Amino acid sequence: MENSRIVFDTSSIDVEIRNKWGWFVALGAVLLVTGVFALGNVFLATVAAVISIGAMMIVAAVAQIVHAVQVKSWPSFAYFLASALLYALAGYFVLTNPLFAAATLTLYLGITLIASGAVRIWSSFQLRPNTGWGWVLASGAVTLLAGIVFVGGWPVNTVWLLGMYLAFDLIFQGFAMLGFGFALKAKN
(Lines give C-alpha, C1' and ligand atoms only; values in the text may rest on other atoms or scores of the structure.)
Protein backbone atom coordinates (compact mmCIF):
# COMPACT_ATOMS: atom_id res chain seq x y z
CA MET A 1 0.00 0.00 0.00
CA GLU A 2 1.38 3.34 -1.06
CA ASN A 3 1.64 6.20 1.44
CA SER A 4 -0.58 8.85 -0.12
CA ARG A 5 -0.25 12.34 1.21
CA ILE A 6 -1.66 15.48 -0.33
CA VAL A 7 1.05 18.06 -0.85
CA PHE A 8 0.20 21.63 -1.77
CA ASP A 9 2.61 23.81 -3.71
CA THR A 10 2.73 26.84 -1.44
CA SER A 11 5.95 28.43 -2.71
CA SER A 12 4.30 31.47 -4.33
CA ILE A 13 1.87 31.84 -1.42
CA ASP A 14 4.74 31.61 1.08
CA VAL A 15 6.59 34.48 -0.61
CA GLU A 16 3.46 36.62 -0.71
CA ILE A 17 2.65 35.91 2.94
CA ARG A 18 6.23 36.63 4.05
CA ASN A 19 6.11 39.97 2.21
CA LYS A 20 2.89 40.88 4.06
CA TRP A 21 4.26 40.20 7.55
CA GLY A 22 3.44 43.75 8.67
CA TRP A 23 -0.27 43.17 8.10
CA PHE A 24 -0.18 40.19 10.45
CA VAL A 25 1.61 42.29 13.07
CA ALA A 26 -0.89 45.17 12.68
CA LEU A 27 -3.84 42.79 12.99
CA GLY A 28 -2.25 41.25 16.07
CA ALA A 29 -1.80 44.65 17.70
CA VAL A 30 -5.44 45.64 17.06
CA LEU A 31 -6.73 42.32 18.38
CA LEU A 32 -4.53 42.58 21.46
CA VAL A 33 -5.64 46.12 22.33
CA THR A 34 -9.35 45.34 21.89
CA GLY A 35 -8.95 42.18 23.96
CA VAL A 36 -7.34 44.05 26.86
CA PHE A 37 -10.15 46.63 26.72
CA ALA A 38 -12.81 43.87 26.85
CA LEU A 39 -11.00 42.17 29.74
CA GLY A 40 -11.27 45.41 31.71
CA ASN A 41 -15.05 44.97 31.98
CA VAL A 42 -16.29 41.50 31.08
CA PHE A 43 -19.92 42.26 31.96
CA LEU A 44 -19.92 45.27 29.64
CA ALA A 45 -18.25 43.15 26.95
CA THR A 46 -20.99 40.50 27.38
CA VAL A 47 -23.77 43.08 27.12
CA ALA A 48 -22.10 44.79 24.15
CA ALA A 49 -21.74 41.47 22.34
CA VAL A 50 -25.39 40.54 22.92
CA ILE A 51 -26.72 43.96 21.92
CA SER A 52 -24.54 43.96 18.80
CA ILE A 53 -25.92 40.59 17.77
CA GLY A 54 -29.51 41.75 18.33
CA ALA A 55 -28.91 44.92 16.30
CA MET A 56 -27.32 42.95 13.46
CA MET A 57 -30.31 40.60 13.44
CA ILE A 58 -32.70 43.57 13.07
CA VAL A 59 -30.61 45.05 10.23
CA ALA A 60 -30.49 41.65 8.50
CA ALA A 61 -34.26 41.27 8.92
CA VAL A 62 -34.88 44.66 7.31
CA ALA A 63 -32.66 43.66 4.39
CA GLN A 64 -34.56 40.37 4.07
CA ILE A 65 -37.91 42.21 4.11
CA VAL A 66 -36.72 44.58 1.38
CA HIS A 67 -35.56 41.57 -0.62
CA ALA A 68 -38.86 39.74 -0.11
CA VAL A 69 -40.80 42.76 -1.36
CA GLN A 70 -38.60 42.87 -4.47
CA VAL A 71 -39.49 39.26 -5.35
CA LYS A 72 -43.14 39.36 -4.28
CA SER A 73 -44.27 37.75 -7.54
CA TRP A 74 -42.16 34.70 -6.72
CA PRO A 75 -44.19 31.77 -5.31
CA SER A 76 -41.88 31.59 -2.24
CA PHE A 77 -42.45 35.27 -1.37
CA ALA A 78 -44.55 34.42 1.71
CA TYR A 79 -41.84 32.11 3.05
CA PHE A 80 -39.14 34.73 2.54
CA LEU A 81 -41.26 37.38 4.25
CA ALA A 82 -42.16 35.05 7.13
CA SER A 83 -38.49 34.17 7.58
CA ALA A 84 -37.56 37.85 7.68
CA LEU A 85 -40.26 38.65 10.21
CA LEU A 86 -39.17 35.76 12.44
CA TYR A 87 -35.59 37.01 12.24
CA ALA A 88 -36.76 40.50 13.25
CA LEU A 89 -38.71 39.00 16.14
CA ALA A 90 -35.65 37.07 17.30
CA GLY A 91 -33.54 40.25 17.11
CA TYR A 92 -36.19 42.08 19.14
CA PHE A 93 -36.11 39.37 21.83
CA VAL A 94 -32.32 39.51 21.96
CA LEU A 95 -32.44 43.30 22.48
CA THR A 96 -35.26 43.22 25.05
CA ASN A 97 -34.01 40.24 27.07
CA PRO A 98 -30.23 40.28 26.86
CA LEU A 99 -29.71 37.91 29.82
CA PHE A 100 -31.77 35.14 28.22
CA ALA A 101 -30.03 35.85 24.93
CA ALA A 102 -26.66 35.69 26.70
CA ALA A 103 -27.55 32.28 28.15
CA THR A 104 -28.60 30.97 24.74
CA LEU A 105 -25.59 32.49 23.02
CA THR A 106 -23.23 31.12 25.67
CA LEU A 107 -24.32 27.57 24.95
CA TYR A 108 -24.33 28.11 21.19
CA LEU A 109 -20.95 29.82 21.28
CA GLY A 110 -19.46 27.04 23.39
CA ILE A 111 -20.42 24.48 20.79
CA THR A 112 -19.18 26.75 18.00
CA LEU A 113 -15.85 27.34 19.75
CA ILE A 114 -15.21 23.65 19.99
CA ALA A 115 -15.66 23.37 16.22
CA SER A 116 -13.69 26.58 15.53
CA GLY A 117 -10.77 25.49 17.68
CA ALA A 118 -10.61 22.18 15.86
CA VAL A 119 -10.58 24.00 12.50
CA ARG A 120 -7.79 26.37 13.67
CA ILE A 121 -5.74 23.42 14.84
CA TRP A 122 -6.22 21.77 11.44
CA SER A 123 -5.38 25.06 9.69
CA SER A 124 -2.17 25.42 11.67
CA PHE A 125 -0.89 22.18 10.16
CA GLN A 126 -1.55 23.63 6.71
CA LEU A 127 0.77 26.52 7.67
CA ARG A 128 3.36 24.10 9.06
CA PRO A 129 6.06 24.77 6.47
CA ASN A 130 6.10 28.40 7.67
CA THR A 131 7.96 29.46 10.76
CA GLY A 132 5.54 30.46 13.50
CA TRP A 133 2.77 28.00 12.64
CA GLY A 134 2.77 26.91 16.28
CA TRP A 135 1.23 30.25 17.26
CA VAL A 136 -1.85 29.43 15.20
CA LEU A 137 -1.89 25.92 16.71
CA ALA A 138 -1.82 27.40 20.23
CA SER A 139 -4.64 29.78 19.33
CA GLY A 140 -6.75 26.84 18.13
CA ALA A 141 -6.05 24.84 21.27
CA VAL A 142 -7.08 27.77 23.48
CA THR A 143 -10.29 28.24 21.47
CA LEU A 144 -11.13 24.54 21.74
CA LEU A 145 -10.52 24.61 25.50
CA ALA A 146 -12.67 27.75 25.86
CA GLY A 147 -15.55 25.98 24.12
CA ILE A 148 -15.30 23.06 26.51
CA VAL A 149 -15.33 25.45 29.50
CA PHE A 150 -18.38 27.29 28.11
CA VAL A 151 -20.44 24.16 27.68
CA GLY A 152 -19.29 22.66 30.99
CA GLY A 153 -20.20 25.71 33.11
CA TRP A 154 -23.47 26.64 31.43
CA PRO A 155 -25.83 28.32 32.49
CA VAL A 156 -24.13 29.63 35.66
CA ASN A 157 -21.36 31.35 33.72
CA THR A 158 -23.67 33.22 31.34
CA VAL A 159 -23.27 36.80 32.60
CA TRP A 160 -19.49 37.08 32.63
CA LEU A 161 -18.21 34.30 30.40
CA LEU A 162 -19.15 35.74 27.02
CA GLY A 163 -17.24 38.93 27.79
CA MET A 164 -14.29 37.05 29.24
CA TYR A 165 -14.17 34.72 26.27
CA LEU A 166 -14.32 37.63 23.87
CA ALA A 167 -11.44 39.31 25.70
CA PHE A 168 -9.23 36.21 25.91
CA ASP A 169 -9.94 35.12 22.35
CA LEU A 170 -8.99 38.57 21.05
CA ILE A 171 -5.83 38.58 23.20
CA PHE A 172 -4.71 35.09 22.11
CA GLN A 173 -5.50 35.77 18.46
CA GLY A 174 -3.52 39.01 18.82
CA PHE A 175 -0.49 37.20 20.22
CA ALA A 176 -0.84 34.50 17.54
CA MET A 177 -0.84 37.04 14.71
CA LEU A 178 2.02 39.03 16.28
CA GLY A 179 4.10 35.87 16.66
CA PHE A 180 3.29 34.66 13.15
CA GLY A 181 3.99 38.10 11.63
CA PHE A 182 7.33 38.54 13.39
CA ALA A 183 8.32 34.98 12.47
CA LEU A 184 7.56 35.79 8.83
CA LYS A 185 9.66 38.96 9.09
CA ALA A 186 12.59 37.00 10.49
CA LYS A 187 12.32 34.54 7.59
CA ASN A 188 12.57 37.37 5.01
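The structure displayed is predicted, hence computed values, not measured ones.
- Residues Val151 and Leu105 are members of one and the same hydrophobic cluster, defined by side-chain heavy-atom contacts under 4.5 angstrom among Ile, Leu, Val, Met, Phe, Trp and Tyr.
- The hydrophobic clustering, which links ILVMFWY residues whose side-chain heavy atoms are closer than 4.5 Å, places Trp160 and Leu170 together.
- Contact check for Met57 versus Val94: side-chain heavy atoms found under the 4.5 Å cut-off.
- When side chains are defined from C-beta on, Val142 does not count as touching Phe168, because their heavy atoms never get closer than 4.5 Å.
- At most 12 heavy atoms of other shown residues, nucleotides or ligands fall within 6.0 angstrom of atom CZ in Phe100.
- Across Leu107, Leu109, Leu161, a single residue satisfies side-chain contact (heavy atoms from CB on, under 4.5 Å) together with Trp154, and that is Leu107.
- Hydrophobic cluster membership for Phe80: Val71, Trp74 (Ile, Leu, Val, Met, Phe, Trp, Tyr linked by side-chain heavy atoms under 4.5 Å, directly or transitively).
- The structure places CD1 of Ile111 at 12.5 Å from CD1 of Ile148, a figure rounded to the nearest 0.5 Å.
- Separating the OH atom in Tyr108 from the CG atom in Leu113 is a distance of 10.5 Å, to the nearest 0.5 Å.
- Note that CD of Gln64 and CG of Leu85 are 9.5 Å apart. Values are rounded to the nearest 0.5 Å.
- How far CZ of Phe172 is from CG of Leu145: 9.5 Å, rounded to the nearest 0.5 Å.
- Using a 4.5 Å heavy-atom cutoff, the side chains of Phe150 and Leu162 are in contact.
- When the side chains of ILVMFWY residues are joined at heavy-atom separations under 4.5 Å, either directly or via intervening members, Leu81 and Tyr87 end up in two distinct hydrophobic clusters.
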Please table the atom pairs, donor to acceptor, closer than 3.5 Å between any side-chain atom in residues 30-56 and protein atoms at least two apart or in another chain.
unit_1	atom_1	unit_2	atom_2	d
Thr34	OG1	Val30	O	3.1
Thr34	OG1	Leu31	O	3.0
Asn41	OD1	Phe43	N	3.4
Asn41	OD1	Leu44	N	3.0
Thr46	OG1	Val42	O	3.0
Thr46	OG1	Val159	O	3.0
Thr46	OG1	Gly163	N	2.6
Ser52	OG	Ala48	O	2.8

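- Taking every heavy atom of both residues into account, Arg120 and Gly140 meet most closely at CB-CA, 3.5 Å.
- For the ring-ring contact (aromatic ring centres under 6.0 Å, His included) criterion with Phe180, the lone passing option out of Phe24, Trp135, Trp21, Phe175 is Phe24.
- For the atom pair CE of Met177 and CG of Leu184, the computed distance is 9.5 Å after rounding to the nearest 0.5 Å.
- Placement of Trp122 and Phe125 in two distinct hydrophobic clusters is found when ILVMFWY residues are connected by side-chain heavy-atom separations under 4.5 Å, directly or transitively.
- Summarising the geometry, atom OG1 belonging to Thr106 is positioned 10.0 Å from atom CG belonging to Leu99; distances are rounded to the nearest 0.5 Å.
- Remark: the backbone N or O of Thr112 is not paired with any side-chain donor or acceptor of Ser116 at under 3.5 angstrom.
- Thr158 has its side chain within reach of Pro155: a pair of non-hydrogen atoms, C-beta onward, lies under 4.5 Å apart.
- Here the side chain of Thr96 pairs a donor or acceptor atom with the backbone of Tyr92 at under 3.5 angstrom.
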